Number of protein chains: 2
Amino acid sequence: MTQSTIKDIARELGISPSTVSRALSDHPDISINTKKKVREWAEKLSYQPNSMAQNLKKKSSNIIGVIVPQVKHFFFAAIMGGITDIAYDAGYTVMICQSNENMQREIINTNALISHRVAGLLISVSQYTTNYEHFIQVQQRGIPIVFFDRTCEEMKASRVVVNDYGGAFSAVQYLIKCGYKRIAHLAGPEHLAISKHRFDGYCDALKAGHITFDKRLVVFGGLNEEDGVTGYNSLLEQADAPEAIFCVTDPVAIGAFSRIREDGFKIPDDIALVGFSDNPTVSLIDPPLTTVRQPAYDIGKTAAALLLEQIHLKSKKFSSKTITLETELIIRKSTRLIA
Amino acid sequence: MTQSTIKDIARELGISPSTVSRALSDHPDISINTKKKVREWAEKLSYQPNSMAQNLKKKSSNIIGVIVPQVKHFFFAAIMGGITDIAYDAGYTVMICQSNENMQREIINTNALISHRVAGLLISVSQYTTNYEHFIQVQQRGIPIVFFDRTCEEMKASRVVVNDYGGAFSAVQYLIKCGYKRIAHLAGPEHLAISKHRFDGYCDALKAGHITFDKRLVVFGGLNEEDGVTGYNSLLEQADAPEAIFCVTDPVAIGAFSRIREDGFKIPDDIALVGFSDNPTVSLIDPPLTTVRQPAYDIGKTAAALLLEQIHLKSKKFSSKTITLETELIIRKSTRLIA
DNA sequence: CACTTAATTGCAATCGTTTGCGGTAACGAT
DNA sequence: ATCGTTACCGCAAACGATTGCAATTAAGTG
């Protein structure tokens, strides 16, 4: 029924709880005899220490909190995999919350995690988060925090990101090399760092390729599949169909992909398409998508490792660092040489 | 720096911690004046209650523990979404662990969650788990437990599953109706309930279609993509290529899909393919996959709701129930009418 | 004025665990 | 017989919050 405690073992053996505690932690003051008996009874009662009591005493937990927009997206799911693997190895457990791209919910999640006195926080911010007060709060409490992917540039905090700029640049550069001239960009929310960096990469690649920027070929929107179709629609409203589209994420590319096929256009013959992430899906569609690979699982591992490092440093040397992982252009069949 | 406590507020106002506690919980004994001052200071110190202390006192937590094989698989990721949504609405937080299909790790995860005194446990067992001792332990402690998808039939416990048998049956029945005769089955691990049920559905559909069962057309394996390619390989070792393959999961189907394409065979002309789950990927590949849809997000929601129900019932009326969600055959282009 | 009653608040114990410090017993040494 | 060691072990406080009960004060009553 109810869980057994150190006191139960103590009562059973007619000794004090302190002795049991020390016996279980192999304290030298305790005789091997007592230790053996304590361990036997602990086993017999299938005793499991109460982490809450332990953490309360220690004034620190072995929980790391994670907030992501939506777990169901492969990118975040893969990151979660990396995080939980690292946490597991370090003896930590992870508490996960999803903001559902909603700032209010993100705030509540943050407070819930604070209440649980997480040892640290791993966050990828909601695309509609515009105010960072709740994250600043976290720092003021001395809770280590590491942002990943969707970072918060306004804050002095550690981050794990990928080379968004470089990835975007090489993707667009490649399109230009293929001979495309009218290259559109389905961008993300304007205030998000990843959007900005990928947009910058797009712009600079155009510049480097001596193609003049045409703002009618850029539409800012969201990061998910539905944004791909709405984005493509508003692209067509502003101008004639472009020759190629560089999308801010794979889901956006998938959205555009479906929309394009609906129109009966052929990829890459009528229009080329490039994504960003290399989700497993995009290599299986027809034609398989050219995309910029980012190492999702490694982002999770790296972010978790960085957080653990900060946790163990105890805010001594609070040197927030940014780790940038490399991206890689994966060329598939949704783009081709023309002219 | 350090988090403020009820005592800090008490000291600040020159009152006792008990009064602060009662004020914060709006106890009628406390004067509105005191309440106002307490709330002001709580706000000023950005006080967040220490859940550990609260839970220790209450001898129960507001954490629900989840163990899944791998979060990165869409099916589980989507379920996680459902779980966290329901948990959020009920004021619970979610602790997530992944077993990585490893029983030892599953055991350690279970103990970690027990240590954190989770209010309840949601589990989808690893495909290599053969011993259920650790789950029985959980029940003996009086911790509510709900299995989902990969359930544990040997135990008297609540479950949320889909109609695996019916889904498999209708899929194979459909294949027969299409005119296929040599229908193979890439099955899952033999001891897993979902494998068994889907296999049974396969068998019974054959029987109903007056097709004699050929054991060379069935290979038992794993549930993931790699198992699709190895499964397909051993299928070819045992017999000539079948006309159609019913796969135990979408990832297995994807594995077989890639393998079949490598061989230069055409789907569905040379060979038909059916999956199970309706992961988003399979509708995008070419040809889009015929599959049995199971409502992943709803499985998560249902399992979480059922668990919460059990938690609130406090083991009073311990009536373990099984909720079966319906499946739906989604017919796409990886199968066709023949002859 | 003495006494009851209502309105507030504080004391102290409790949840399960940890840990500094003090205590006891046994032993050998002087 | 006295003292010092050594080896074990227990007491009690503490972590932060909650809560039954007692205490205090003020107000109301006869």
Side-chain angles (χ1 to χ4, degrees), chain A residues 1-39 41-42 45-63 111-112 114-119 141-142, chain B residues 1-39 41-42 45-63 111-112 114-119 141-142:
Chain A
M1 343 277 149
T2 172
Q3 315 254 33
S4 50
T5 73
I6 250 180
K7 290 186 189 173
D8 297 323
I9 302 177
R11 190 176 337 103
E12 211 64 56
L13 291 164
I15 59 181
S16 81
S18 6
T19 302
V20 175
S21 172
R22 281 187 260 251
L24 288 172
S25 56
D26 206 25
H27 189 104
D29 269 7
I30 308 301
S31 72
I32 33 170
N33 219 303
T34 309
K35 281 181 188 171
K36 194 154 62 78
K37 284 190 290 188
V38 167
R39 283 197 266 255
W41 272 97
L45 300 179
S46 60
Y47 167 79
Q48 286 287 344
N50 184 322
S51 299
M52 291 173 173
Q54 288 181 316
N55 293 334
L56 179 60
K57 190 85 227 299
K58 283 190 327 208
K59 292 165 86 57
S60 78
S61 79
N62 56 159
I63 306 173
N111 287 334
I114 288 175
S115 266
H116 280 99
R117 298 296 188 264
V118 293
R141 289 164 193 272
Chain B
M1 347 281 149
T2 171
Q3 315 253 34
S4 51
T5 73
I6 246 178
K7 291 186 190 172
D8 296 324
I9 302 178
R11 191 178 333 106
E12 212 63 56
L13 290 165
I15 60 181
S16 80
S18 6
T19 303
V20 175
S21 172
R22 281 187 261 251
L24 289 172
S25 55
D26 205 25
H27 190 106
D29 271 7
I30 307 300
S31 72
I32 33 169
N33 219 302
T34 310
K35 280 181 189 172
K36 194 155 62 79
K37 284 189 291 188
V38 167
R39 283 198 266 257
W41 272 96
L45 299 179
S46 59
Y47 167 80
Q48 286 288 342
N50 184 323
S51 300
M52 291 173 174
Q54 287 181 314
N55 293 334
L56 180 61
K57 187 87 226 302
K58 284 190 325 207
K59 292 163 91 44
S60 78
S61 78
N62 57 159
I63 306 173
N111 287 334
I114 288 175
S115 266
H116 280 99
R117 297 296 186 265
V118 292
R141 290 164 193 272

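In what follows, chains are A, B, ... by sequence order, proteins preceding strands, each numbered from 1. Owing to the predicted nature of the structure, the values given are computational and were not obtained by experimental measurement.
- For the pair Met52(A) CE and dT14(C) C1', the interatomic distance rounds to 16 Å; values are reported in whole Å.
- Protein chain B contacts DNA chain D over a range whose 5' and 3' limits, counting nucleotides with an atom under 4.0 angstrom from a non-hydrogen atom, are dC15(D) to dG20(D).
- Counting any heavy atom pair closer than 4.0 Å across all strands shown, Lys7(A) reaches a base atom.
- The distance from atom CG of Asn55(B) to atom P of dG16(C) is 13 Å, rounded to the nearest whole Å.
- Residues of residues 28-39 of chain A that place a heavy atom closer than 4.0 Å to DNA chain D, in numerical order, are Asp29(A), Ile30(A), Ser31(A), Thr34(A).
- Between Thr19(A) and Arg22(A) there is no side-chain heavy-atom pair separated by less than 4.5 Å.
- Residues Arg22(A) and Ala53(A) both approach DNA chain C. Their nearest nucleotides, taken by heavy-atom distance, put Ala53(A) toward the 5′ side.
- For the pair Asp8(A) CG and dT17(C) C1', the interatomic distance rounds to 13 Å; values are reported in whole Å.
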> Under the side-chain contact (heavy atoms from CB on, under 4.5 Å) criterion, do Asn55(A) and His116(B) qualify, and how do the steps go?
Replying inline: CA-CA 10 Å; Asn55(A) 293 334; His116(B) 280 99; 4.3 Å; yes

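- Put simply, the side chain of Gln48(B) reaches to within 4.5 Å of the side chain of Arg117(A), judged on heavy atoms.
- Nucleotide dG16(C) holds its C1' atom 17 Å from the CD1 atom of Ile114(B), rounded to whole Å.
- Using a 4.5 Å cut-off on side-chain heavy atoms (C-beta onward), Gln3(B) and Asn50(B) make no contact.
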>> Determine whether Val38(B) and Ile15(B) satisfy the following criterion, side-chain contact (heavy atoms from CB on, under 4.5 Å), listing intermediate values before the conclusion.
In response: CA-CA 10 Å; Val38(B) 167; Ile15(B) 60 181; 4.0 Å; yes

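- Heavy atoms of Thr5(B) sit under 4.0 angstrom from primed sugar atoms or phosphate atoms, though from no base atom.
- You won't find any donor-acceptor pair under 3.5 Å spanning the side chain of Lys57(A) and the base of dT17(C), going by distance alone.
- In terms of heavy atoms, Ala10(B) sits closest to Ser16(B) at CB-C, 3.8 Å.
- Side-chain contact between Tyr47(A) and Ile6(A): present, with at least one pair of heavy atoms (C-beta onward) separated by less than 4.5 Å.
- The stretch residues 28-38 of chain B participates, sequence neighbours left out, in these salt bridge (Lys or Arg N to Asp or Glu O under 4.0 Å) pairs: Asp26(B)-Lys35(B).
- The shortest distance between side-chain heavy atoms of Val20(B) and Lys7(B) does not fall below 4.5 Å.
- Within the nucleic acid shown, Lys59(B) comes within 4.0 Å of sugar-phosphate atoms alone, with no base atom in reach, counting heavy atoms only.
- One interatomic measurement links the two molecules: NZ of Lys58(B) to C1' of dC15(C), which rounds to 12 Å at whole-angstrom precision.
- Heavy atoms of Leu56(B) sit under 4.0 angstrom from at least one base atom.
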